[in-house]
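Residue numbers begin at 1 in each chain, while the letters A, B, ... track the order of the sequences. Just so it is clear, the model here is predicted, and its values are computed rather than measured.
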Amino acid sequence: MTEYETPALEIDGLGVRLPGEQAARPILDGVTLRVRAGETVGLVGESGSGKSVACRSVLGLLPPRARTSGEVQVAGRDVLAMNRAELAGLRAGQVAMIFQDPRASVNPLRRVGDFLTEGLRGAGTPAAAAENRAEELLDAVGIRDPRGALRRYPHQFSGGMLQRVVIAAALAGEPALLVADEPTTALDVTTQAEIIAILTRLQAARGTGMLFVTHDLELASAICDRVYVMYAGRIVETNGTDALFDRPRHPYTAGLLACTPHIEAAAAAPRPIPGRPVSLAEAPPGCAFAARCAHAQPRCSEETPELAHHGDGLAACHRADEGIKL
Amino acid sequence: MTGATEELVVQRLRKRYGDHTAVKDVSFTLPPGSSLGIVGESGSGKTTTVRMLVGLERPDGGTIRIGGRDRSAPARGRAERLARAREIQMVFQDPYLSLDPRVTVGQCVEEVLRLHFPMETTARRERVAELLDQVGLGEREAAALPGKLSGGQRQRVAIARALAAEPRVLVLDEAVAALDVSIQAQVLELLGTIRREVGIGFLFVTHDLAVVRHITDEVMVLREGQVVEAGPTAGILDAPHHPYTRLLLSSVPRRGWNPGDAAAARRSLG
């Protein structure tokens, strides 16, 4: 892959701010990330980190009355500058989104077949061809009797089966980019494994770029090529998955790794991070993580660390060069 | 009061809803101060099982005894209901739904004390502060309504409220599932400390095998209302015998995980 190829997604210095009194700090501050074709990129963080706002911005979905800065480029075009017609085209064609709750993504009154063929019909595919295509897609996501399934309603499917339908619909338009926001969080573990297997297989086969948003570090470590870690609206660290998990440079990444319960026999007991994540009403000076950080120095609560190169990755920590013992 | 007589003994517990048997001959023993994980997916009957233990569902068969006292039949009268409530307390998954939004944290804990123990007002207030302190909450939180607290803080309140009754057994139904991972670790550590200090027995209902590894001594795997495997936690997680336990384990994401292994495990389950 050449450096010149247009990435599936390029977010550059994205800032999202609510007007006036609603929030003390920006929801997103200088978020920069990139997803190349065929790549799976993780966006990891706790509640309030801004990961969901960041991923929804890719579809041009922003909180009401929010002010934005920076750029969100999908296949080379800035989403934030698009008008309604262009946004509709983007959502129908280039980007598909998979949300946590499949029941919130489908119209309960319409048959699954209508849901699947809607986009294709809108793009001008004849009815019979669209139906055949929908059947193929349902087959690809492992739904038995795909032809029969087209005639059924969403309430006739379990959560796991309906999430397969949503994935099939997401792939119908042959998007360049898939954005998955906690797509398996509401599912049972064995169902999660099946859905992840389907999603990663189809995405690899089609060369689709995927931005995978999750709070689950273990899941991110299992499926992502690269991972971005967010805290209080900023990206605090990013690297290739192995490097990030073996040699985290930001104390928050290290803390997240240490507090996640691991299934392996030799795994240490989860070690909590003291305190709690920063809410939108708080705007601590300097590094937002300083108050919870075991490695903080006086400097940390005065100067905000910039995201800077360390080894192959980037980290926003004044002491990133010192290395952290896990 | 000796340990052995105070254990929780559940024998052949059953629950049917219409034609569907939700819980089928579930038996286990929870010695005082020990921790048992009840693991399963949705529909496995894990929540129905514990709801029968606390009296929120009526069993169709089987017995539940603590220290030999039977609690499977409906309680007769207020005194018996209170006595049963004191023995087993429960913490629910969603801390946003399990607390009364109009009652302050302090009053919420005090209410339990007033119900179960004859105490002077000052002694009761002191006990409230002590219980909240045990879960890491101070005076400021005591005066607050639940709406002002974070999810982790609310779950601490739910734990303090359950502990106020000085139960023999604490049932935790997915009690850390809705919390952020850094907060989840705090609550798990808190629960570990409470178990060591208070000597209370835990029934830890969860779908998360990684959490089970770190907080339970024994584990029981439920599938479609039946126990498929039970025993010491480390033994079962390291050398599972039942194909369903193997499927659950192969479904847990981790580095180097291949979700296809879970699909293979499912096929071998038939």
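A salt bridge does not link Arg156(B) to Glu141(B): none of the charged side-chain nitrogens sits closer than 4.0 Å to a carboxylate oxygen. The existence of a salt bridge linking Arg195(B) and Asp217(B) is confirmed by a sub-4.0 Å separation between a basic side-chain nitrogen and an acidic carboxylate oxygen. A salt bridge links Arg226(A) to Glu39(A): at least one charged side-chain nitrogen sits closer than 4.0 Å to a carboxylate oxygen.
Contact annotation for Gln186(B): both backbone and side-chain heavy atoms come within less than 4.5 Å of a heavy atom of chain A. For Arg213(B), the part lying under 4.5 angstrom from a heavy atom of chain A is the side chain only. Using a 4.5 Å cut-off between heavy atoms, Val211(B) contacts chain A through both its backbone and its side chain. At a 4.5 Å heavy-atom cutoff, the contact between Leu209(B) and chain A is made by backbone and side-chain atoms alike. For Ile215(B), no part lies near chain A; criterion is any non-hydrogen pair under 4.5 Å.
In terms of non-hydrogen atom pairs under 4.5 Å with chain B, the most contact-rich of Gly48(A), Ala197(A), Ala220(A), Gly159(A) is Ala197(A). Of the listed residues (Ser150(B), Ala262(B), Ser182(B)), the one with the most heavy-atom contacts under 4.5 Å to chain A is Ser182(B). Note on His262(A), Gln192(A), Arg201(A): by heavy-atom pairs under 4.5 Å with chain B, the leading option is His262(A). Per-residue heavy-atom pair counts under 4.5 Å with chain B were compared for Leu187(A), Asp216(A), Thr185(A), Asp242(A), and the maximum is reached by Asp242(A). With respect to chain B, the highest number of heavy-atom pairs below 4.5 Å among Val189(A), Ile198(A), Thr190(A) belongs to Thr190(A).
The OG atom of Ser47(A) sits 3.0 Å away from atom CG of Asp180(B), with the distance rounded to the nearest 0.5 Å. Atom CG of residue Asp181(A) and atom NZ of residue Lys51(A) lie 7.5 Å apart, to the nearest 0.5 angstrom.
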